[in-house]
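One is the number of the first residue; the rest follow in order along the sequence. Counting starts at 1 for both ligands and their atoms, following the listed order.
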Amino acid sequence: MEDNPGDARLVEIFLQESDLQNCEVVNKTSLADAIAILESGEEFAVILLDLTLPDSRGFETLERLLAKFPQKNIIVLTGYSDKEMGLRAVQAGAQDFLVKGAFDAEQLSKSLRFSIERTRVLKRLEETQRIARIGNWEYFPETSAFTATDEFYRIFGHDEDRLDGSGNNLEEVDSPIQALKELHEVVAVKGSVKQDMKIKQKGGAYRYVSVQCNLRHDEANNLVYQGIIQDITDRKLADMEMEKSRARYQEIFTQSKDALFISTFTGKFVDFNQATLDVFGYSREELQTMEDTHKLYYPVERKNEFLLKLKAQKAIKDFEISIAHRSGEVRECMMTATIIVTDDFIGYNCILRDVTELRQAERMRKTRDLAQQSAYMKEQFLASISHEMRTPMNAIFGMSNILLQMNLPTEQNGLVQNIKNSSEILLGVVNDILEISAIQNGKVVFENKPFDLAELLNNLINVMQYKAQEKDIFLEVITSPDVPRYISGDKLRLNQVLYNLVGNAIKFTDHGFVKIYIEKLYDIGNSVQLKFKVQDTGIGISEDKIEAIFETFTRILRKDRVYEGTGLGLSICKNLIEQQGGKIGATSTEGKGSVFYFDLIVDMASAEDLDNKEPQEPENELPANAKFKLLLAEDHKMNQLVARKTLERKWKDIEITIADNGQIAIDLLRENIYDIVLMDIQMPIMDGYEATKTIRNTFPPDRSNMIILAMTAHAHVGRDEKYKEYGMDDFVLKPFDPEDLFYKISKYVKHR
Ligand code: ADP
């Protein structure tokens, strides 16, 4: 950049003479022209700048050029008179200066070479800085002059618009100098600072940087802040990520309920978490100083096996081992471990889970399952035993009934009567056992039907009166006037409880009376709470035994006398009352008598609510000379005989055919017409259910709706109305009550 053609020509001549004769020289004679060609992108190794140009003079020329192209390599040409200017130019950013008329070819080439070389070095340095993401800056507070490398600007996100060296835009809000201001203030006091900081880029993003800044004086004794800045964002983010993950694992480590630890093969803990303390029961200090934690494992052979396997397999999973807890308890544990081998450590890490409670729960569950299974088996057993007892009892019962009708001599008649009584008692026991098992298994469903309480009490007295009179005991019912006559509830169950209590009262009383009181306690809407009391003047019960008598099979043994019974009655009562929401209890004075009481909430009802179908009306029975055909399917020979005898005595013209099993029954039914079928349920070859199903499903319409009465020793068949499910019309429970059997046969045959 030279407007004097002579001076320009001289430079060319000097270059020809020097070893730079191959260089190309472009001469621009004004600042504007020079700027234009530089802006076009053309690259120059060096700019030789004459400060005095037609469109710009003096130092300002350099400033204007540097403002636009701060990185350019500029050698200033000054006149002899303004040599001072040259020094200033170098301070402001020029590479060198040459005094016009005072330099020769050698000097020129030297200056150029030096400048070009310097540029190359700077370029390399810049490249290095870019790779290392390091930038540097200088700030001259006196003149507000600021210079910085490209990387400095990139770090601050100012890739495009750099600051001008004049520091004109240094006060802008997003100027990097704002970020450095505080730093400079600290440096002003301390002389130097080295620190990491977070900066905001021009675009708004944040970067982490590490800066180092010193204060120095330049040759002119001016203050200069000189700094290096490195973008450490990537490392910082990685560190933060690392720290986060470390914190996460630390959290898992400390929070884990499993003991987590690292141990040497000699059993010394290197690190362990909180849970380890709990599992072993030792304090942190104790575990830290314990030389061999392996001695806590138990049994020793198991510990050896663990270490051997771990070394051989490098890892081991869910190894069961016990630990001697500090408390002396043996804890059952599961171990999962992996070998660790590094330059300076050999050992293993381990997850130890205390499964003592878990194992205990498992064992308990097994016991419970077993208990449930045995309860189920008990129920099955009771059902089958009672069936097996009922079947022969049917024979005993039935045959004694028949014998009693045969006008036997008085003595024999008495004996047969005793047989019958005994078998009735036996049947009662079987029924009680079945009942208690049903109640305890929650199988009892309570009815809620209207009934006449007065009638129930009347019947009770009628039946019990006979027993009471035998022992000369006065029996009486006292009902408070406010007790409603018609109530709704489970009549049969109430009857059962009262029979039991009154029966006991009579059984355990020899003189005096048995009184039954019924009172009303409360009205609760449409319901009433009634209280029933059975008072006797019998032997009484000692205070300490009163609780126990309500338990199953509890009986108070007397030295002087034996009372028959099973000890089931009261426990059945208690269950029946409590399952209906009532309370039962007793008070007693030994030798004086007892009071048994219970309360029960029942709904009120009226006479119209009653189901008025009168059962077992005698006139409904078939006349003695009725002629009809009956098929009896029954495998038990004795019972065949009992049924036949019983029925033939009742109806002399009855025609009975007997089938030994269900198969024979259906074969017979295919060929013949019968008025009614009595079907035993449990039979060989084909049972009663199967036979009924076959009849209902495969027989022609006129026969498939045959009347079939189940005859069974399975008590639940009637209770659960199971017979209906199997397609039978009704059932008779064995041992059968002849009257019930006659009634049901009459009902269905007449209907037919
Ligand atoms: P069981 O009468 O079949 O033995 P319970 O469960 O009905 O069974 O009665 C249990 C026991 O309670 C009886 O064995 C008897 O010792 C006692 N007990 C029950 N009722 C009375 C009563 N009214 N007076 C005296 N003792 C009674």
Side-chain angles (χ1 to χ4, degrees), residues 382 385-386 389 421-440 444 457 460-461 463-478 492-518 531-580 582-600:
L382 284 177
I385 272 288
S386 82
M389 285 172 81
N421 289 350
S422 302
S423 63
E424 260 171 6
I425 290 169
L426 194 54
L427 187 60
V429 173
V430 173
N431 283 342
D432 277 359
I433 291 175
L434 265 189
E435 176 94 12
I436 197 80
S437 124
I439 290 175
Q440 284 173 349
V444 175
L457 293 168
L460 174 75
I461 290 296
V463 174
M464 289 298 176
Q465 196 70 60
Y466 160 77
K467 282 191 180 169
Q469 272 166 6
E470 269 184 358
K471 296 180 81 175
D472 214 9
I473 295 168
F474 177 67
L475 181 64
E476 185 185 11
V477 180
I478 300 129
L492 272 177
R493 301 303 185 185
L494 176 60
N495 213 19
Q496 193 178 353
V497 174
L498 286 171
Y499 263 77
N500 248 308
L501 297 185
V502 177
N504 277 346
I506 297 172
K507 181 160 80 177
F508 296 107
T509 303
D510 289 331
H511 313 283
F513 62 80
V514 171
K515 286 181 181 170
I516 305 155
Y517 296 91
I518 298 110
K531 180 162 188 149
F532 295 81
K533 264 196 302 197
V534 180
Q535 184 187 11
D536 68 49
T537 51
I539 57 171
I541 305 152
S542 66
E543 184 125 19
D544 57 322
K545 300 220 167 84
I546 245 175
E547 287 285 313
I549 53 170
F550 290 98
E551 279 160 30
T552 31
F553 300 112
T554 308
R555 311 183 58 223
I556 302 166
L557 297 177
R558 313 268 166 181
K559 287 189 203 87
D560 50 337
R561 207 165 132 182
V562 177
Y563 293 93
E564 57 198 21
T566 54
L568 281 173
L570 286 178
S571 112
I572 291 174
C573 291
K574 181 176 159 77
N575 277 290
L576 289 178
I577 294 299
E578 285 179 355
Q579 287 187 24
Q580 293 182 86
K583 260 227 269 322
I584 189 164
T587 52
S588 184
T589 315
E590 220 176 351
K592 289 239 163 77
S594 322
V595 180
F596 282 78
Y597 56 83
F598 64 91
D599 61 57
L600 207 57

Starting at CZ of Phe596, measure out to CG of Asp536 and round the result to the nearest 0.5 Å.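 Rounded to the nearest 0.5 Å, the CZ-CG separation comes to 7.5 Å.
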
Could you give the distance from CD (Glu578) to CD1 (Ile439), rounded to the nearest 0.5 Å?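 Taking CD in Glu578 and CD1 in Ile439, the distance rounds to 11.0 Å.
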
Ligand 1 contacted by Ser594 (non-hydrogen, < 4.0 Å):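 In this structure, Ser594 qualifies as a contact of ligand 1 - some heavy atom is under 4.0 Å.
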
At a 4.0 Å cut-off, with the gap strictly under it, does some heavy atom of Lys507 reach an atom of ligand 1?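 Per 4.0 Å heavy-atom rule, Lys507 contacts ligand 1.
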
If the condition is ring pair (Phe, Tyr, Trp, His ring centres under 6.0 Å), which residues does Phe474 pass it with, not counting sequence neighbours?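 Partners of Phe474 under the ring pair (Phe, Tyr, Trp, His ring centres under 6.0 Å) test: none.
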
When you measure from the side chain of [X] to the backbone of [Y], do you find a donor-acceptor pair of N or O atoms at a distance under 3.5 Å?
X: Lys471; Y: Ile506; value: yes
X: Ser594; Y: Thr587; value: no
X: Lys515; Y: Lys533; value: no
X: Glu470; Y: Tyr466; value: no
X: Thr537; Y: Phe513; value: yes

As an exercise, identify every atom of ligand 1 less than 4.0 angstrom from a heavy atom of [X].
X: Gly569; result: 5 (P), 6 (O), 7 (O), 8 (O)
X: Ile556; result: 14 (O), 16 (O)
X: Leu568; result: 6 (O), 8 (O)

Could you tell me the residue and atom name of the protein heavy atom closest to [atom], and the distance to it rounded to 0.1 Å?
atom: atom 13 (C) of ligand 1; result: Phe508 CZ, 3.6 Å
atom: atom 26 (N) of ligand 1; result: Ile541 CG1, 3.3 Å
atom: atom 12 (O) of ligand 1; result: Ile549 CG2, 3.3 Å
atom: atom 8 (O) of ligand 1; result: Gly567 CA, 3.1 Å
atom: atom 5 (P) of ligand 1; result: Leu570 N, 3.5 Å
atom: atom 11 (C) of ligand 1; result: Thr554 O, 3.6 Å
atom: atom 4 (O) of ligand 1; result: Arg555 NE, 2.9 Å
atom: atom 7 (O) of ligand 1; result: Asn504 ND2, 2.8 Å

How does Asp536 reach ligand 1, by side chain, by backbone, by both or by neither, if only non-hydrogen atoms under 4.0 Å count?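 Side chain only; the backbone of Asp536 stays clear of ligand 1.
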
Which segment of Phe596 sits under 4.0 Å of ligand 1 when only heavy atoms are counted: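 It is the side chain that touches ligand 1; the backbone stays farther off.
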
Work out which heavy atom in Val595 is nearest to a heavy atom in Gln535; give both atom names and the distance.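 Minimum heavy-atom separation between Val595 and Gln535: CG2-CG, 3.8 Å.
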
If I compare all heavy atoms of Ile546 with all of Ala586, which pair ends up nearest, and what's the gap?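 Looks like CD1-O, 3.7 Å.
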
With nothing but distance in play, are any N or O atoms of Asn500 less than 3.5 Å from an N or O of ligand 1?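 No.
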
